[in-house]
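Written out below as structure tokens is the structure these notes cover.
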Amino acid sequence: MKTNKIKVLDIDFYQQTDVVDVSRQLLGKVLVTHFEGERTSGKIVETEAYRGPDDKACHAFNNRRTNRTKTMFEAGGVAYVYLCYGIHSLFNVVTGLEDQPHAVLIRAIEPIDNKTLMLHRRKMTTVKPQLTAGPGVLSKALGITTQYTGLKLTKGIDAIWIENHGEIVEANNIIASPRVGVAYAKECADWNWRFRIKNSKWTSPAK
DNA sequence: CACGGGATCGTCT
DNA sequence: GACGATCCCGTGT
């Protein structure tokens, strides 16, 4: 039963300096998009932490600042969206203080509001995990594209934000494992910075 | 279920 | 000019 008031995450949440901890805290929160009068949303069930400058898997490793990565150097509370494999828009939450290039990749959500529109965006007909399990497909379902990189998550009407619905995910309900697709990052590939809600059927299969 | 390949393009060398 | 924080579909088991 959810009797708690819904609260939009504020700048203090995003500017916490431990991106790995923020990744865990984001589990159970609700990612919302509101474009052209249409709200779509889903509960975050899988995340990954990326921590420049010491994380080889992070685009901002070694404080690498380019036109693409400059968004990650902004103070926490903005979106970092980039194109992967020429096709997929991957949505990240920038965290930490200015010049700390930290970000959390949202990897999977459990659909909540306006599943009809999400299905339409995905060109699917039935609601099942593959609708939103995966960073590329959840962006598509929510209508997120690279044009929204740099967008503030803390205000706006035509916007993206994250809500706290009062759900608390206990530590023993979180599974930590290595991140996906970062084997090239050598020693960082072993860091268990991928987090998922235990027993959620809305993530990719747990190993 | 595991794999292999193609799609497709912005980014940086 | 090479490649990637992915996805989907095909094949084989």
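Because the structure is predicted, anything quoted here is derived from the model rather than measured. Protein chains get the first letters and strands the later ones, always in sequence-line order, with residue 1 at the start of each. The analysis underlying the following values was restricted to heavy atoms, covering all of them including side chains, and did not include hydrogens, waters or symmetry mates.
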message: From NE2 of A/His59 over to P of C/dC3, roughly how many Å is that when rounded to an integer?
response: 16 Å

- request: Can you tell me the distance, in whole Å, between the CD1 atom of A/Ile106 and the C1' atom of C/dT6?
  value: 16 Å

Residue matched to B/dC9 through Watson-Crick or wobble contacts both under 3.5 angstrom: C/dG4

- request: Provide, to the nearest angstrom, the distance between the CZ atom belonging to A/Arg64 and the P atom belonging to C/dA5.
  value: 11 Å

- prompt: Do we see A/Tyr50 stacking on the base of C/dA5, given a limit of 5.5 Å between centres and 30° between planes?
  reply: yes

field: Side-chain donor-acceptor pair present, A/Glu48, A/Tyr50, cut-off under 3.5 Å
entry: yes

query: Is the shortest side-chain N/O distance from A/Arg107 to OP1 or OP2 of C/dT6 below 4.0 Å?
result: yes

- prompt: Does any N or O in the side chain of A/His165 come within less than 3.5 Å of the main-chain N or O of A/Val30, such that one atom is a donor and the other an acceptor?
  reply: no

C/dG12 - base-pair partner by Watson-Crick or wobble geometry, distances under 3.5 Å: B/dC1

query: For A/Arg68 and B/dT13, what is the distance between atoms CZ and P respectively, to the nearest whole Å?
result: 10 Å

- request: Check the pair A/Arg121, A/Thr40 against side chain to side chain donor-acceptor pair (under 3.5 Å), reporting the backbone distance first and the verdict last.
  value: CA-CA 11 Å; A/Arg121 285 170 173 157; A/Thr40 48; 3.2 Å; yes

query: Rounded to whole angstrom units, what separation is found between the CD1 atom of A/Ile87 and the P atom of C/dA5?
result: 14 Å

message: Under 4.0 Å from OP1 or OP2 of B/dT11: is there any side-chain N or O of A/Arg65 that close?
response: no

- prompt: Salt bridge between A/Glu163 and A/Lys7, side-chain N to carboxylate O under 4.0 Å?
  reply: no

- prompt: Whole-Å distance between C/dT6 C1' and A/Glu46 CD?
  reply: 13 Å

- prompt: Is the side chain of A/Arg179 donor-acceptor paired with the backbone N or O of A/Ala49 at a distance under 3.5 Å, no angle test?
  reply: yes

- request: Grab the OH-P distance between A/Tyr80 and B/dT11 for me, whole Å please.
  value: 9 Å

field: Atom-to-atom span, NE2 of A/His88 to P of C/dA5 - whole angstrom
entry: 13 Å

Residue-phosphate contact under 4.0 Å: A/Arg51 side-chain N/O, C/dA5 OP1/OP2: no

